[in-house]
Every structure is written in C-alpha cells, then in structure tokens.
Amino acid sequence: MSESQSVPSIPQFAITVLLYDQFDLLEVSGPLEMFGTLPEHFDIQFVSQSGRPVASRQGPKLVADFSIYNSHKTDILLVPGGEGVEQAITNTLLIDWLQQQSSNASYICSVGTGAALLAQAGILKDKAATTNKKRYRWVTGIGNDINWHPVARWVKDGKVFTSSGVSAGIDLSLAVIAQLLDEETARKTAIEAEYIWINDPSDDPFAPLHVVH
C-alpha cells in the first residue's frame with residue numbers, strides 16, 4: 001500500500017445503557033450480547049443516576065460506569081423496561097437527563113416498557129413507536145401525539161427505535177446493527193449467538209396473546 005493510500009476507518013459507536021432500579025435484565029443483556037459481539041464497532045457503557053451499581057428485577061446488579069452528572073460520549077442511547085419503570089417515570093432527574101441525551105445521541109432505543117420513559121420525556125412526540133404488548137394500554141396512556149403500533153416487533157422512526165417486550169430487544173439491536181453496518185453483519189451476529197432473528201418488524205407473534213386494540 002502506498003503512502004497516499006489510507007486505511008479505511010472502522011465505524012465506532014458509544015452505546016450508553018440507562019440503569020434504574022428494577023430494570024429487566026434480559027432487556028439489557030440481550031441487546032448487549034449482540035453489540036458486544038462486535039467490540040471493534042461498539043463501546044458499551046452503563047449509566048445510573050448515582051453512578052452506583054443497580055439491581056435488576058431478577059436480582060443481579062450491574063455496575064455503572066458513570067452517573068447522570070458525568071459527561072460522556074453517547075452515540076446510541078439504550079433504555080430498557082422493567083418493573084421499576086413506573087417509579088422511574090416520576091423521577092424528574094432521569095427524565096431531564098433523557099431529554100438532554102436525546103438532543104445529542106445519534107440513535108435512541110427503548111426495549112419494552114422503556115418506551116414509557118421516552119414518552120414521558122417527550123422523545124416520542126410525533127413518532128411511530130411500539131412497546132411491550134402485555135403493558136400496552138398502560139404505556140400508551142403516557143405522552144401525547146404518539147403513533148403507537150399495537151402489532152410490531154420493533155419500530156424505527158428517524159433516529160428512534162422502539163421494540164416490543166423483553167427478547168424483542170435482541171431483534172431491535174440486530175436492526176440497529178443492520179442500519180449502522182449492514183444486514184449481512186447483523187445476520188452473522190445472530191448466527192454467532194445461535195439466535196433466530198425476527199428481522200420483519202411487523203412480525204409480532206405475541207401481540208395476539210394480549211388485547212391491544
């Protein structure tokens with residue numbers, strides 16, 4: 001290679017995951033299993049309000065790298081759902097932080113009832129979105145001027161990705177990988193994890209189990 005030729009740069013993205021008390025563990029670990037398979041492209045970091053470890057609904061704690069008062073680079077913001085979301089949406093410090101981050105992040109993603117936090121922060125205003133179908137009626141009562149999709153595995157509207165519940169976050173993360181890198185990389189990532197990727201956003205097998213009109 002001649003000196004005039006440059007080595008192509010590898011796209012790299014900082015993923016910031018918001019932790020709050022009683023978040024759902026799979027809604028964090030599932031997507032991060034996919035992103036973590038590609039460390040050359042994705043740098044994962046956790047943030048909590050205090051910067052201290054946070055307990056999931058299932059019990060295990062995750063250790064935060066930052067508090068919401070520390071400045072750090074965020075390209076992709078990931079907001080999980082969980083039992084603690086009902087308390088979290090009343091936390092004005094977290095909601096204010098989400099509003100600030102939404103202005104700076106290139107992409108904003110929520111899994112399941114994490115969409116309630118985005119709705120409360122006004123991030124979903126005039127956007128199409130979906131959420132956990134088991135909690136659909138509760139979540140869709142939050143926020144205004146949101147085009148909620150009652151049947152959708154995941155939804156992309158501009159820079160905002162939202163998904164149905166729990167394991168759907170894995171499908172969302174693969175969709176983000178396909179968006180930022182390419183679909184072949186997303187498929188190879190799913191194969192590496194021995195996961196069957198539902199890559200059709202309208203394929204929502206769990207919606208019929210719940211009343212979501």
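- Of the possible polar contacts, none joining the N147 side chain to the A128 backbone as a donor-acceptor pair under 3.5 Å is found.
- By the criterion of side-chain heavy atoms lying less than 4.5 angstrom apart, applied directly or through intervening Ile, Leu, Val, Met, Phe, Trp or Tyr residues, V151 is not grouped with V155; the two fall into different hydrophobic clusters.
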Determine, stepwise, if the pair Q49 / N91 fulfils side chain to side chain donor-acceptor pair (under 3.5 Å).
-> CA-CA 10 Å; Q49 181 172 337; N91 186 327; 2.7 Å; yes

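- The CG atom of N132 lies 5.5 Å from the OG atom of S164; values are rounded to the nearest 0.5 Å.
- Here the closest non-hydrogen pair linking H41 and I10 is CE1-CG2, 3.2 Å.
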Go through D204 and K133 one step at a time and tell me if the side chain to side chain contact (heavy atoms under 4.5 Å, CB included) criterion holds.
-> CA-CA 9 Å; D204 188 357; K133 303 313 181 298; 3.0 Å; yes

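- Note: I170 CD1 to I196 CD1 = 11.5 Å, rounded to the nearest 0.5 Å.
- Two different hydrophobic clusters hold L174 and I198 under the rule that ILVMFWY side chains link at heavy-atom gaps under 4.5 Å.
- Counting heavy atoms from C-beta outward, V47 and S67 have side chains that stay 4.5 Å or more apart.
- Judged by distance alone, with hydrogens and angles left aside, the side-chain atoms of D145 form no donor-acceptor pair with the main-chain N or O of D126 at under 3.5 Å.
- Applying the side-chain contact (heavy atoms from CB on, under 4.5 Å) test between T74 and each of I15, T16, N104 identifies T16 as the sole match.
- Using a 4.5 Å heavy-atom threshold, the side chains of F23 and V85 count as separate.
- Residues in residues 48-69 take part in these ring pair (Phe, Tyr, Trp, His ring centres under 6.0 Å) pairs, two or more places apart or across chains: F66-H72.
- Few gaps surround CG on L93; more than 12 heavy atoms of other groups in view lie less than 6.0 Å from it.
- Using modelled atom types, one side-chain atom of S48 and one backbone atom of G51 make a donor-acceptor pair closer than 3.5 Å.
- Considering only heavy atoms from C-beta on, D171 comes within 4.5 Å of Y195 through its side chain.
- There is no path of hydrophobic side-chain contacts, each under 4.5 Å, that joins L26 to V28.
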Test log, rule side chain to side chain contact (heavy atoms under 4.5 Å, CB included), inputs L94 and L117 | CA-CA 9 Å; L94 285 185; L117 284 163; 5.5 Å; no

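- I108 CD1 to L98 CG: the interatomic distance, rounded to the nearest 0.5 Å, is 8.5 Å.
- Q12 CD: more than 12 foreign heavy atoms inside a 6.0 Å radius.
- Rounded to the nearest 0.5 Å, atoms NE2 (H210) and CZ (R137) are 12.0 Å apart.
- Of all non-hydrogen atoms in K73 and A14, the two that sit nearest each other are O-CB, 3.5 Å.
- The backbone N or O of T185 sits less than 3.5 Å from a side-chain atom of D182, completing a donor-acceptor pair.
- Taking every heavy atom of both residues into account, A129 and I146 meet most closely at CB-CG2, 4.2 Å.
- In terms of heavy-atom proximity, P80 sits nearest to Y20 at O-OH, 2.7 Å.
- For K188, the NZ atom sits in a loose shell: 12 or fewer heavy atoms of surrounding residues, nucleotides or ligands are nearer than 6.0 Å.
- Of the possible polar contacts, none joining the D65 side chain to the Q45 backbone as a donor-acceptor pair under 3.5 Å is found.
- Exactly one residue among L32, V79, V17, V166 makes a side-chain contact (heavy atoms from CB on, under 4.5 Å) with E27. That residue is V166.
- Put simply, the side chain of C109 reaches to within 4.5 Å of the side chain of V176, judged on heavy atoms.
- One N or O on the side chain of K159 and one on the backbone of A105 form a donor-acceptor pair closer than 3.5 Å.
- By the 6.0 Å contact criterion, CD on E40 is enclosed, its count of non-hydrogen atoms from other residues, nucleotides or ligands being greater than 12.
- The CZ atom of F13 sits 6.0 Å away from atom CG of L181, with the distance rounded to the nearest 0.5 Å.
- Across all non-hydrogen atoms, the minimal contact from T162 to S110 is CG2-OG, 3.2 Å.
- For the pair F46/V54, no side-chain contact is recorded, criterion being any heavy-atom separation below 4.5 Å from C-beta on.
- Here the CZ-CD distance, from R57 to E83, works out to 5.5 Å after rounding to the nearest 0.5 Å.
- Listed for the D24 side chain is no donor-acceptor partner under 3.5 Å among the backbone atoms of G81.
- Under a 4.0 Å N-O distance rule, the pair E183/R187 qualifies as a salt bridge.
- Linking Ile, Leu, Val, Met, Phe, Trp and Tyr residues whenever their side-chain heavy atoms come within less than 4.5 Å places L18 and L172 in a single cluster.
- The backbone N or O of A121 lies less than 3.5 Å from a partner atom in the side chain of Q99, making a donor-acceptor pair.
- Residues D203 and R153 are not paired through a salt bridge, judged by the lack of any N-O separation under 4.0 Å between the basic side chain and the carboxylate.
- Between T130 and A115, the shortest heavy-atom contact is O-CB, 3.7 Å.
- With hydrogens and angles disregarded, a donor-acceptor distance shorter than 3.5 Å links the side chain of Q58 to the backbone of L25.
- With contacts defined as side-chain heavy-atom distances shorter than 4.5 Å, the pair F161/K156 qualifies.
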Could you walk me through whether R135 and E86 pass the salt bridge (charged side-chain N to carboxylate O under 4.0 Å, His left out) check?
-> CA-CA 11 Å; R135 301 297 309 280; E86 293 189 35; 2.8 Å; yes

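- Listed by chain and residue number, nothing satisfies the side chain to side chain donor-acceptor pair (under 3.5 Å) test with R52 (two or more places apart in sequence, or in another chain).
- Considering only heavy atoms from C-beta on, I177 comes within 4.5 Å of F42 through its side chain.
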Would you check, one step at a time, whether the test side chain to side chain contact (heavy atoms under 4.5 Å, CB included) holds for W148 with Y136?
-> CA-CA 9 Å; W148 292 107; Y136 186 82; 3.3 Å; yes

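- When side chains are defined from C-beta on, L78 counts as touching V111, because their heavy atoms get closer than 4.5 Å.
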Do W138 and T131 pass the side chain to side chain contact (heavy atoms under 4.5 Å, CB included) test, and can you show the C-alpha distance, the side-chain angles, and the key distance before you say yes or no?
-> CA-CA 10 Å; W138 176 74; T131 186; over 6 Å; no

